[in-house]
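The next block holds one structure in the form of C-alpha cells; read it before the comments.
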Amino acid sequence: MDFLKQLALPQSAAQIEVLHFVMNFVQILFLPFVSYLFGALTLSLYYGRKGRKRNDINALHFAKDVIDHVLPNKSILFLFGVVPYITLVFAYAQLLQGSESISVSILTWGAVFFMAGSAFASSYNSAFKLSSVLETIKQGNEEISVFRTELSEQKRTSGKYSLLFLFVGIFFLFAGTTLASEPTQWSSVTTVVELIFSAGVIVKFLQFVALSLTIATVGTLFFTFSWEGGKKNIAAEYAAFVKSATLPTALISILIQPLFVVLSVIVAPVAGLSGAVFVASVVGIFFLFLTSHYVYAMMKSFESKFAALAFYVLIISIVSVVIADTNSFAGATKKHSSFLAYQYDKHHEELLAAMGISLKVISGEEIFSAKCSACHEFGIKKVGPAYKDVLPKYENDRAKLLSFVLNPQKMDPAFPPMPNQGLKPAEADSIAAYIMRMYKAPK
Ligand code: HEC
C-alpha cells in the first residue's frame, strides 16, 4: 500500500483542521448506517433461518423487512458505506504520512473487505426482492419452483458472506483507527494480528456489535410503525411479532453500551483525552439512556411516536460518540500533526527562497534573548526548566524539539505550561540549533 504514501501531500495546519472536520463528517454518515446494516443482516439471517426451520411466515417476512428498510436502494450502500470508508482511508493516509504506522495498510485492506461485504449484502437484498415478486406468481410451475430454490440458496450464501466480509472490514477499520490514535505504538505494531488482541480494538468492536443490534431493532420499529405514518395494512399478528422480536433485544443492547463507552475511555490513549472527549461521551451516554427510556415506554404501552423518538435520540447519541472518538484521535496525534505542519511551512519557505523571495531569518541567539531568556537559562531553573536538564532527551530527535517549540505541549507537572511563542519554522530551526549547541558548550 505504499502508493498511498506517495499520494499523501504535505499539509498545513489549516488543512489538517479541515481533514479532522472531514473525518468527523464522514463518520457521522458512516457509523449509523453501517451499524444498522450489520445489525439488520444479523437479525435477518437469524430470523430467516428460524423461519425456514419452523415454517414461520412471520419470521420470514421479518427477515425480509429488516434488511429492506436499511437498503431501500443500491446507491445508499455506496453513498453511506463505500464512499465514506474510502474517504477515511485517504484522510488517514494524509494525517499519518511520514509515520511508521501500519494503520493505513490495515484500513486499505479493510476497505477491500468492506466492499466485498457490501456487494454480497446487495445481492442478499435483491434475492429477497425477487423472491417476493415470485410469491405473487401462482405455484405449480416447474421452472419457477427450481428458480425459487436457487434464489433461496443465493440468499443463504450471500447473507453469510456479507456478514463475514463486513465483519472483517469493520474490524480492520477499528484496528486501523485505534492504532492511529496511539502514536506510541506506531513503530512497535507491525502486523494486524497484534491488534486483534488489543483491548482498545476489542472494546470498540463489541461496542459496535451492541450498537448495531440497538439501531437495527429501534430502526425496524421506526420504519414499521412510524416512518411516513407507519406501514399500511400490517396484520396484527405480524405487528406483535415485530415487537417481540425487537423490543427486548433493543433494551438489552442499549443497557450494555454505557459500559463500553466507559471502557473505551479507560483504554483510550491518555494523550487523546480532553474536556471535549468527556463531554461528548457523557452526552452520548445520556442520549442512550433516553433511548432506553422510550424503548421501555413502548414495552409498557406501545405508541408509534415512541419509536420515532427512540430512533432520533439514538442517532444523536451515535453522533456524540463519533465526535468523542475523532476528538480523541485529533488530541492523541497533535504532536504528529504539528510536525507535519512544520514540514509544510518549511517546504513552503524553501519554495519561496528558491523563487528568490528571501525571508529574513533572525539568528538563534537573537531569538533566545528576545523570546526565551525571560523564562529560561541554560544552567538554572527560572519560570521554565534549565535547558541542561531538558535538552539531552532531544539529542537524537531534533524534529521533536522543533515541534515542541512550535507547539508546546504539557510536559512536566512541576512547571506551568509553556506559552506558544509564535515562531516561524525557520526561526524555530535556528533557535533549536542554537540551544542544542550552547547547552553543552562549557561556559
Ligand atoms: C513565559 C515563559 C516561557 C517562555 C517565554 C519560554 N518558555 Fe520554554 N518553557 C516554559 C515552561 C513553564 C516550561 C515547562 C513546561 C512543561 O514542563 O510543561 C518550558 C519548557 C521548555 C522546554 C522543555 C520541554 C521538555 O521537553 O520538557 C524547552 C526545550 C523550551 N521550553 C524551549 C523554549 C524556547 C526555545 C523558548 C523561546 C523561543 C521558550 N522555551 C520560551 C516557559 C517558557
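Every number for a ligand or one of its atoms is a count from 1 in the order of the listing.
Scanning the protein for heavy atoms near atom 15 (C) of ligand 1, the closest one is Pro416 O, 3.4 Å. Of the protein's non-hydrogen atoms, Tyr394 OH, 2.4 Å is the one closest to atom 26 (O) of ligand 1. Nearest protein neighbour of atom 17 (O) of ligand 1, counting heavy atoms only, is Asp412 N, 2.8 Å. Of the protein's heavy atoms, Phe404 CE2, 3.4 Å lies nearest to atom 22 (C) of ligand 1.
Under a 4.0 Å criterion applied to the non-hydrogen atoms of Pro419, ligand 1 contributes the atoms 1 (C). Each of the following atoms of ligand 1 lies closer than 4.0 Å to a heavy atom of Leu401: 29 (C). For ligand 1 and Leu423, the ligand atoms under 4.0 Å from any heavy atom of the residue are 38 (C). Using a 4.0 Å cut-off to heavy atoms of Ile431, the atoms of ligand 1 that qualify are 35 (C). Listed by atom number, the atoms of ligand 1 under 4.0 Å from Phe415 heavy atoms are 14 (C), 17 (O). Near Tyr387, meaning under 4.0 Å from one of its heavy atoms, ligand 1 places the atoms 30 (C), 32 (C), 33 (C), 34 (C), 35 (C), 36 (C), 40 (N).
Around atom 8 (Fe) of ligand 1, the protein contributes the following N, O or S atoms under 2.8 Å, ordered by chain and number: His376 NE2, Met418 SD.
By the 4.5 Å heavy-atom criterion applied to side chains, Leu290 and Phe287 are counted as neighbours. Side-chain atoms of Thr224 and His69, non-hydrogen and from C-beta on, do get closer than 4.5 Å to each other. Val70 places a side-chain heavy atom less than 4.5 Å from the side chain of Phe33. The side-chain heavy atoms of Thr246 and Phe62, taken from C-beta on, include a pair separated by under 4.5 Å.
Checked against a 6.0 Å centroid threshold, the rings of Tyr85 and Phe30 count as neighbours.
Judged by the 6.0 Å distance and 45° axis criteria, Lys243 is positioned over the aromatic ring of Phe302. At least one test fails for Lys204 against the ring of Phe171: distance under 6.0 Å to the centre or angle within 45° of the axis.
Classified by interplanar angle (parallel below 30°, tilted 30° to 60°, perpendicular above 60°), the ring pair Phe368/Tyr434 is tilted. Ring-plane geometry between Tyr36 and Phe223 is classed as parallel, the angle between the planes falling under 30 degrees on a 0 to 90 degree scale with a further cut at 60.
A salt bridge between Arg398 and Asp429 is absent, with no side-chain N of the basic residue lying under 4.0 Å from a carboxylate O of the acidic one.
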Subject >> Candidate pair Tyr161 and Tyr124, rule ring-ring contact (aromatic ring centres under 6.0 Å, His included), full reasoning >> reply: CA-CA 10 Å; Tyr161 283 126; Tyr124 181 65; over 10 Å; no

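Within the set Lys410, Lys393, Met436, the minimum heavy-atom distance to atom 18 (O) of ligand 1 is found for Lys410.
The N/O atoms of Lys371, backbone and side chain alike, include none that comes under 3.5 Å of an N/O atom in ligand 1.
Open room surrounds CD on Glu365; 12 or fewer heavy atoms of other groups in view lie less than 6.0 Å from it.
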